[in-house]
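Heavy-atom basis, side chains included; hydrogens, waters and symmetry copies ignored. So that the names make sense, note that chain A is the first sequence line, chain B the second, and so on, each numbered from 1.
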Amino acid sequence: MKIATWNVNSIRARLERLVAWLKTHQPDVVCLQELKVADAEFPLLAVQEAGYHAAVYGQRTYNGVAILSRAEPAEVERGLCDGVQDDQARLICARFADVRVLSAYVPNGGEVGSDKYAYKLEWLRRLRGYLERRCEPRQPLALCGDFNVAPEPRDVADPEAWADTVLFHPEVRAALEQVRSWGLRDAFRIHHEEGGLYSWWDYRMLAFPKNRGLRIDHIFVSEPLAERCVDSSIHRQERKGKQPSDHAPVLAEFKAA
DNA sequence: ATGGTTGCTTAGCAA
């Protein structure tokens, strides 16, 4: 079973690339973020023609998440379901046989100390609450998405330069660790120890050609799934060429239980 | 401190 996550930065702008990538790699489940479309505008036909179901939690202009899958999803849930008034579409959950999959778009946070930053920290706290209430670490689970947090110095091209920013501040790293401590392992790090491997590069300042990136897109898995994880990769190739997203897809493969 | 780029939406915001 191949599970992927990709912040596409507008599904309409990326549709051609997305469909081509699905055809090439044939993932079983794909978590998408930053759709930037309302549900009614989601390109469902193109996705279905590529052979995928789609569970969509869309939003006009900003945010929006989805889970594409070859098999039909069960138990689709939209949002954090914690009673908090929040109209930002940032989390969708679905189940495939015994595996629960979540597609998350963690708030960017703007500037450290801003209202958006406070919302980011609170959102990560609420995500931990969601896991505690509705999930079980002894069950197979993959929490995938754009977390807008690089976990460690080796995940950042210039850790000192980024330490005061929303993507790598000690406070957000601690907030991410609080989510992970529920019982999640970083699928990518099961197979890759080295630094210099990133999933996002700023469109500006030639960040990609200079490989000045950060690893902020993750597939976090519960222990039962970690034990089945046989491969993981970042599709850096997708950041190249015509009209790329600023994020590359991240993939993990699991053997049958 | 600012700028650099992209996408959505219509000049400005978010990332």
Side-chain angles (χ1 to χ4, degrees), chain A residues 5-21 31-44 46-47 56-66 86-92 103-124 127 144-151 155-169 171-173 175-176 198-218 234-250:
Chain A
T5 184
W6 194 3
N7 179 325
V8 289
N9 185 19
S10 167
I11 190 162
R12 287 177 294 193
R14 225 63 62 200
L15 188 56
E16 210 172 308
R17 284 190 83 121
L18 173 64
V19 168
W21 182 81
C31 297
L32 300 175
Q33 302 87 37
E34 278 207 89
L35 304 176
K36 298 187 174 181
V37 282
D39 289 2
E41 266 63 61
F42 184 89
L44 189 58
V47 166
V56 180
Y57 185 23
Q59 186 182 330
R60 178 182 176 268
T61 311
Y62 304 117
N63 311 317
V65 287
D86 187 345
D87 53 10
Q88 300 193 28
R90 295 182 174 276
L91 184 72
I92 188 166
S103 178
Y105 178 43
V106 175
N108 171 285
E111 300 285 325
V112 171
S114 66
D115 289 351
K116 287 179 186 172
Y117 184 66
Y119 175 66
K120 178 181 195 171
L121 294 174
E122 180 63 9
W123 201 92
L124 285 165
L127 179 59
C144 311
D146 174 3
F147 287 79
N148 271 311
V149 183
D155 300 313
V156 183
D158 186 348
E160 287 173 17
W162 285 89
D164 296 330
T165 74
V166 294
L167 301 184
F168 194 55
H169 193 283
E171 200 173 18
V172 290
R173 291 171 59 194
L176 179 65
Y198 312 124
S199 66
W200 171 83
W201 301 260
D202 200 304
Y203 281 126
R204 300 166 288 186
M205 305 296 285
L206 301 172
F208 183 69
K210 293 176 176 171
N211 198 29
R212 304 190 69 79
L214 288 83
R215 197 175 66 89
I216 58 176
D217 301 271
H218 307 296
I234 297 174
H235 288 192
R236 200 173 185 285
Q237 196 66 20
E238 277 304 316
R239 185 60 175 77
K240 301 180 182 177
K242 196 166 177 262
Q243 278 195 298
S245 168
D246 46 353
H247 296 253
V250 179

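- Protein atom CD of Gln59(A) is 14 Å distant from nucleotide atom P of dC8(B), rounded to whole Å.
- Among the atoms of the strands shown, only primed sugar atoms or phosphate atoms (P, OP1, OP2) are found under 4.0 Å from some heavy atom of Tyr105(A).
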query: Yes or no on side-chain hydrogen bond (donor to acceptor under 3.5 Å, both in side chains) for Ser10(A) and Glu34(A), after CA distance, side-chain angles and deciding distance?
result: CA-CA 6 Å; Ser10(A) 167; Glu34(A) 278 207 89; over 6 Å; no
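- Comparing dG7(B), dT10(B), dG4(B) against the side chain of Met205(A) picks out dG4(B) as the nearest.
- Distance from the side chain of Tyr62(A) is smallest for dC13(B) among the nucleotides dG4(B), dC13(B), dT10(B).
- The nearest whole Å value for the distance from the OH atom in Tyr203(A) to the P atom in dC8(B) is 10 Å.
- Checking dA15(B), dA14(B), dC8(B) against the side-chain heavy atoms of Lys36(A) singles out dC8(B) as nearest.
- Nearest nucleotide to the Arg60(A) side chain, out of dT10(B), dG7(B), dA15(B): dT10(B).
- Heavy-atom distances to DNA chain B give each of Gly109(A) and Pro244(A) a nearest nucleotide, and the one nearer the 5′ end belongs to Pro244(A).
- Whole-Å rounding puts the Gln88(A) CD to dC13(B) C1' distance at 13 Å.
- The C1' atoms of dA14(B) and dT10(B) are separated by 15 Å, rounded to the nearest whole Å.
- Within the 4.5 Å cutoff, side-chain heavy atoms of Ile216(A) are placed close to those of His247(A).
- One atom, CZ of Arg204(A), and another, C1' of dT5(B), lie 6 Å apart when rounded to the nearest Å.
- Between Ser245(A) and Glu238(A), the side chains place no donor N or O within less than 3.5 Å of an acceptor N or O (distance only, hydrogens not considered).
- For the pair Asn108(A) CG and dA14(B) P, the computed distance is 11 Å after rounding to whole Å.
- At least one side-chain heavy atom of Lys120(A) sits less than 4.5 Å from a side-chain heavy atom of Val149(A).
- With both ends at atom P, the span from dG3(B) to dG12(B) equals 15 Å, rounded to whole Å.
- Residue Arg14(A) places at least one side-chain N or O under 4.0 Å from the OP1 or OP2 atom of dG7(B).
- Nearest-nucleotide positions on DNA chain B for Trp200(A) and Ile11(A) put Ile11(A) closer to the 5' end.
- Atom P of nucleotide dA15(B) and atom CD of Glu34(A) are separated by 7 Å, given to the nearest angstrom.
- Here dC8(B) presents its C1' atom at 13 Å from CG of Asn63(A), a figure rounded to the nearest Å.
- Among pairs with a residue in residues 203-217 of chain A, those fulfilling salt bridge (Lys or Arg N to Asp or Glu O under 4.0 Å) read Asp155(A)-Arg215(A), Asp158(A)-Arg212(A), Asp186(A)-Arg215(A), Asp202(A)-Arg204(A), at least two apart in sequence or across chains.
- Glu111(A) has its CD atom 11 Å from the C1' atom of dA15(B), to the nearest Å.
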